[in-house]
Amino acid sequence: MEEISSNKSFGGLQKRFTHQSSALNCEMCFSIYLPRQLSPDTGAANLKLPILTFLAGLTGNDESFAQKAGAQRLASELGIVIVTPDTSPRGESVPDDPDAAYDFGLGAGFYLNASQAPWESHYKMYDYIARELREVVAGHFPVDDDRHALMGHSMGGHGALSIAIKNPERYTSVSAFAPIVSPMNCPWGTKAFTNYLGDDRSLWAEYDSVELLKAATAHLPMLIDQGTTDKFLEKELKPELLIEAARRCGYPLDYRLRQGYDHSYFYIASFIEEHLRFHAQHLGV
């Protein structure tokens with residue numbers, strides 16, 4: 001693992017690293033915020049802090065949240081490590097959409113394990129997020145991986161919800177800004193799932209949060225945030241599908257509709273404090 005940048009922020013350090021990923025078969029970048037409690041001058045040599053992993057959306061990367069969301073101040077106050085991975089595998093050997101579309105290929109991994117050629121050799125973002133990156137972070141930083149929350153935006157919201165619902169024993173809580181709640185039922189998801197997973201829709205259900213919620217036997221604290229002027233709301237996001245599924249199966253869902261807010265990081269930055277405090281409650285800080 002190689003450190004490629006480090007910037008002091010609110011008493012802590014915002015760092016960026018590269019490492020070779022075995023799950024994705026390429027070199028990957030990730031960013032990590034280490035709050036002030038981990039500074040050498042605090043004297044807390046044996047301190048281990050909880051983790052919040054944030055998954056970015058289409059066109060994002062590992063730096064999107066770190067540079068735009070404004071989370072460092074409160075993360076440093078609360079003592080939460082924030083990990084932000086990239087949104088897909090990268091590199092010259094990694095296949096991309098032949099039309100260079102923003103919603104498929106590089107930058108659009110959809111946090112699943114692809115099974116179709118030529119994507120299956122690299123596009124294993126589910127394994128990377130749920131397993132490999134967690135092990136890398138736990139092996140190199142003073143973190144308590146038993147206290148681990150998950151959050152995401154748009155495509156990353158889909159990733160956060162689907163991964164957390166499938167692994168409730170491994171996460172303390174999950175939240176999402178403007179998530180794609182049912183990729184099986186929107187154009188973005190249909191395109192990605194057809195290419196990555198093939199035509200068998202029963203395989204798609206393994207990565208669809210609405211379908212996963214219907215079958216969930218364990219419940220996590222869940223917060224969903226949505227802006228009313230989001231241009232993707234009706235066609236791509238469809239939060240009403242998740243709300244109805246949660247109502248039918250008794251899943252505890254905190255849904256917050258924000259009047260006048262869109263899909264941007266201006267919206268995320270406006271409410272990131274609420275999400276951090278929501279996760280802090282369940283992380284025990």
Side-chain angles (χ1 to χ4, degrees), residues 9-12 14 30-38 47-57 60 62 64-66 68-85 111 129-130 133-134 137-138 141-179 181 209 213 216 218-227 239 242 246 251-258 261 265 267-285:
S9 178
F10 294 99
Q14 181 68 57
F30 72 92
S31 296
I32 185 168
Y33 180 67
L34 302 171
R36 57 181 172 78
Q37 291 87 344
L38 297 178
L47 183 65
K48 290 190 174 185
L49 296 183
I51 311 168
L52 173 63
T53 295
F54 179 89
L55 306 182
D62 65 290
S64 301
F65 181 83
K68 299 177 181 179
Q72 289 89 347
R73 178 191 61 79
L74 188 56
S76 194
E77 175 186 321
L78 295 172
I80 298 175
V81 172
I82 300 181
V83 177
T84 53
Y111 303 102
I129 300 301
L133 186 58
R134 287 185 67 147
V137 170
F141 302 98
V143 296
D144 179 2
D145 193 48
D146 290 331
R147 294 187 292 159
H148 198 138
L150 198 53
M151 176 168 56
H153 171 228
S154 193
M155 179 188 71
H158 140 70
L161 293 175
S162 59
I163 292 172
I165 295 169
K166 290 177 75 168
N167 300 275
E169 74 287 351
R170 303 200 69 200
Y171 296 97
T172 61
S173 51
V174 61
S175 73
F177 289 94
V181 302
S209 297
L213 200 73
H219 295 168
L220 279 174
M222 180 182 293
L223 169 61
I224 306 294
D225 215 296
Q226 178 63 58
L242 191 71
Y251 202 106
L253 170 60
D254 184 352
Y255 179 70
R256 303 179 186 179
L257 192 62
R258 312 294 191 175
Y261 285 88
Y265 270 87
Y267 153 59
I268 293 175
S270 298
F271 301 105
I272 188 61
E273 179 170 347
E274 290 188 24
H275 283 247
L276 288 177
R277 292 196 183 279
F278 164 79
H279 289 295
Q281 176 185 356
H282 300 289
L283 290 168
V285 299

Problem set entry | Minimum heavy-atom distance between Gly284 and Arg147, given as atom pair plus value | O-NH1, 3.9 Å
Problem set entry | Minimal non-hydrogen separation, Leu78 against Gln37, with atom names | C-NE2, 4.0 Å
Problem set entry | Ser209-His158 side chain donor-acceptor pair, cut-off 3.5 Å | no
Exercise. Is the backbone of Ala66 close enough, under 3.5 Å, to the side chain of Gln72 for a donor and an acceptor to pair up by distance?
Worked result: yes
Exercise. At their closest point, which heavy atom of Pro85 faces which heavy atom of Thr53, and how far apart are they?
Worked result: CD-CG2, 4.0 Å
Problem set entry | Intermediate values then yes/no, side-chain contact (heavy atoms from CB on, under 4.5 Å), Tyr251 and Leu220 | CA-CA 8 Å; Tyr251 202 106; Leu220 279 174; 3.7 Å; yes
Exercise. Going by heavy atoms in the side chains, are Leu161 and Ile224 under 4.5 Å from each other?
Worked result: yes
For this session: Indicate the atoms forming the closest heavy-atom contact of Leu276 with Ala75, along with that distance.
Result: CD1-N, 4.2 Å
Exercise. Taking atom CG of Asp145 and atom CZ of Arg170, what is their separation to the nearest 0.5 Å?
Worked result: 6.5 Å
Exercise. Between Ala130 and Ile163, which heavy-atom pair has the shortest distance, and what is it?
Worked result: CB-CG2, 4.2 Å
Exercise. Between Ser76 (side chain) and Phe10 (backbone), is there a donor-acceptor pair under 3.5 Å?
Worked result: yes
Seminar exercise, completed: Test side chain to side chain contact (heavy atoms under 4.5 Å, CB included), reference Ile51, set Thr172, Ile82, Leu150, Val83, output is Val83
Exercise. Is the closest side-chain heavy-atom distance between Ser162 and Ile165 below 4.5 Å?
Worked result: no
For this session: Start with the C-alpha gap between Val81 and Phe141, add the side-chain angles, then the distance that decides, and say whether side-chain contact (heavy atoms from CB on, under 4.5 Å) holds.
Result: CA-CA 10 Å; Val81 172; Phe141 302 98; over 6 Å; no
Exercise. Under the 6.0 Å and 45° cation-pi test, does Arg258 pair with Phe271?
Worked result: yes
Problem set entry | Over 12 non-hydrogen atoms of neighbours within 6.0 angstrom of NZ in Lys48 | no
Problem set entry | Student check: side-chain heavy atoms of Val181 and Leu213 closer than 4.5 Å | no
Seminar exercise, completed: Note: Met151 and Leu52 closest approach over all heavy atoms is CE-CD2, 3.4 Å
Problem set entry | Rounded distance [0.5 Å steps], CD1 in Ile80 versus CG in Leu74 | 7.0 Å
Exercise. Cation-pi between Arg134 and Tyr171: NZ/CZ under 6.0 Å from ring centre and within 45° of the ring axis?
Worked result: yes
Exercise. Looking at CG of Leu133 and OG1 of Thr84, how far apart are the two atoms once the value is rounded to the nearest 0.5 Å?
Worked result: 9.5 Å
For this session: Output the distance between atom NE2 (His279) and atom NE2 (His148), rounded to the nearest 0.5 Å.
Result: 10.5 Å
For this session: Please round to the nearest 0.5 Å and tell me the distance separating atom NE2 of His275 and atom OG of Ser175.
Result: 5.0 Å
Problem set entry | Phe177 backbone acceptor or donor facing Tyr267 side chain under 3.5 Å | no
Problem set entry | Aromatic contact, His153 with Tyr265 (centres under 6.0 Å) | yes
Exercise. In Å, rounded to the nearest 0.5 Å, how long is the span from NE2 of His282 to CE of Met222?
Worked result: 11.5 Å
Problem set entry | Tyr261 (side chain) donor-acceptor with Ile268 (main chain) under 3.5 angstrom | no
